[in-house]
**Q** 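Before I ask anything, let me first share the structure, which is written out below as structure tokens.
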Number of protein chains: 2
Amino acid sequence: MDIKRTIDDIDFQILNILQKKARIPNAEVARQVGMAPSAVLERIRKLEERGIIEGYEVRLNPEPFGQGLAAFVQVEIDPATANGDLETRLAELPGVQELHQVAGGDGYLLKIRAANARQLGQVLRDRLLTIPGVRSSRTQIVLNTVKETRRIDLG
Amino acid sequence: MDIKRTIDDIDFQILNILQKKARIPNAEVARQVGMAPSAVLERIRKLEERGIIEGYEVRLNPEPFGQGLAAFVQVEIDPATANGDLETRLAELPGVQELHQVAGGDGYLLKIRAANARQLGQVLRDRLLTIPGVRSSRTQIVLNTVKETRRIDLG
DNA sequence: GCTGAAATCCAAGTGCG
DNA sequence: CGCACTTGGATTTCAGC
């Protein structure tokens with residue numbers, strides 16, 4: 001891995017600190033890695049420039065915003081009737097958090113959130129299945145989320 | 001929604017700003033919502049206390065860390081041989097980012113990352129299928145990720 | 001719950017090693 | 001690359017309304 005060779009131990013420490021809690025002062029990061037704040041700032045800036053750090057997000061509890069229900073939807077595509085807008089239209093459906101093209105069939109996997117099953121059903125019937133090129137869908141409702149992180153094991 | 005009634009317009013504005021870029025100065029948030037920094041600070045603290053803000057994360061590019069391949073794995077469980085450690089053992093498999101219990105059968109849906117297909121296969125064979133209570137698995141490899149966000153539509 | 005002021009602390013650039 | 005220094009700005013607390 002070309003990029004990885006240039007990520008050293010201190011970078012890993014910095015990234016681990018930011019993975020735990022991203023919204024802390026740069027000076028605090030510097031203290032934890034035992035370096036001057038300006039050095040740490042420079043490292044973070046370079047990690048951002050190199051595309052290793054893609055951004056910083058707040059993690060919100062979906063419940064209070066009427067997004068307490070999660071589901072995964074297998075979307076089967078009919079290549080004959082699909083057009084170039086298909087991916088965009090899928091991605092823009094209300095509540096869609098992830099959209100992946102998956103191997104094995106002409107299909108997409110969608111992660112979507114809604115307030116409840118009724119509302120999810122509405123989106124699937126009225127919005128998803130009316131998109132040209134969508135042949136069928138198969139939905140798996142999430143009963144319980146055991147783990148849900150974006151964190152990557154560094155090291 | 002009980003909690004939601006107490007989230008007002010300014011809270012929504014603050015959350016939207018933080019959803020775009022969480023690691024910005026509090027004073028900058030205050031400017032954008034037209035309030036004193038101290039007032040914004042107090043609002044953010046309360047949103048954290050109430051569990052509406054769950055935390056702040058850095059979003060890392062998985063590629064340079066040998067996690068460029070993503071996959072979704074349907075795990076079928078045999079309730080007769082499963083024990084209480086099952087969920088923990090699934091969640092602790094290397095590369096697992098999400099673990100959901102799903103409706104329709106005794107199954108879990110796993111989102112997992114690895115460097116490549118060979119390494120993923122290794123984890124599934126040597127680690128997943130050797131967990132007591134795991135009956136079978138069905139893996140969908142991600143060819144292309146169109147959208148991948150944790151963002152919630154506020155409004 | 002907000003503002004404004006005060007004290008402390010931080011950000012971000014520069015020059016030096 | 002990292003550090004020390006510096007200035008302009010940010011954080012955080014608190015009184016007062």
**Q** Taking atom P of C:dC2 as reference, at what distance in whole Å does atom CD of B:Glu42 sit?
**A**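 About 7 Å, once rounded to whole Å.
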**Q** Determine whether more than 12 heavy atoms belonging to other residues, nucleotides or ligands lie under 6.0 Å from atom CZ of A:Arg151.
**A**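 Atom CZ in A:Arg151 is packed in, count exceeds 12.
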**Q** Yes or no on side chain to side chain donor-acceptor pair (under 3.5 Å) for A:Glu48 and A:Tyr56, after CA distance, side-chain angles and deciding distance?
**A** CA-CA 10 Å; A:Glu48 290 168 350; A:Tyr56 304 92; 2.7 Å; yes
**Q** Which of these nucleotides, C:dT3, D:dC3, D:dT13, is closest to any side-chain atom of B:Met35?
**A**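 Of the options given, the side chain of B:Met35 lies nearest C:dT3.
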**Q** Tell me: CZ of A:Arg31 to C1' of C:dC10, nearest whole Å?
**A**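 Interatomic distance, CZ of A:Arg31 to C1' of C:dC10: 9 Å.
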**Q** How close or far is atom C1' of C:dG13 from atom NZ of A:Lys46, stated in whole angstroms?
**A**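 About 14 Å, once rounded to whole Å.
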**Q** Please report the distance, rounded to the nearest Å, between CG in A:Leu41 and P in C:dA12.
**A**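 To the nearest whole Å, that distance equals 6 Å.
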**Q** CD of B:Glu28 versus C1' of C:dA12: gap in Å, rounded?
**A**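 Checked: the CD to C1' distance equals 15 Å.
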**Q** Whole angstroms only, please: what is the CD1-C1' distance between A:Ile44 and C:dC10?
**A**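 Going from A:Ile44 (CD1) to C:dC10 (C1'), I get 13 Å.
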**Q** Check whether the side chains of B:Gln97 and B:Arg113 place a donor and an acceptor atom closer than 3.5 Å, and report yes or no.
**A**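 On atom types as modelled, these side chains qualify, holding a pair under 3.5 Å.
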**Q** Hey, are A:Lys111 and B:Glu148 close enough for a salt bridge, meaning a charged N less than 4.0 Å from a carboxylate O?
**A**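 Result for this pair is no, no salt bridge flagged.
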**Q** Among D:dG2, D:dA10, C:dT3, which is the nearest nucleotide to the side chain of A:Ala39?
**A**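 Closest nucleotide among those given: D:dG2.
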**Q** Where the side chain of A:Ser38 is defined as all heavy atoms beyond and including C-beta, which of C:dG4, D:dA10, D:dC3 is the nearest nucleotide?
**A**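 The answer is D:dC3.
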**Q** Rounded to the nearest Å, what distance is computed from the CZ atom of residue B:Arg43 to the C1' atom of nucleotide C:dC2?
**A**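 Rounding to the nearest Å, CZ of B:Arg43 and C1' of C:dC2 are 9 Å apart.
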**Q** So, does B:Arg45 get its side chain near the phosphate of D:dT13, meaning an N or O under 4.0 Å from OP1 or OP2?
**A**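 It does, given that an N or O in the side chain of B:Arg45 lies less than 4.0 Å from OP1 or OP2 of D:dT13.
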**Q** To the nearest Å, how far apart are B:Asn26 CG and D:dT12 P?
**A**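 For the pair B:Asn26 CG and D:dT12 P, the rounded distance is 7 Å.
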**Q** Using heavy-atom distances to pick each residue's nearest nucleotide on DNA chain D, tell me which of B:Pro37 and A:Ala36 is more 5'.
**A**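 Nearer the 5' end of the strand: A:Ala36.
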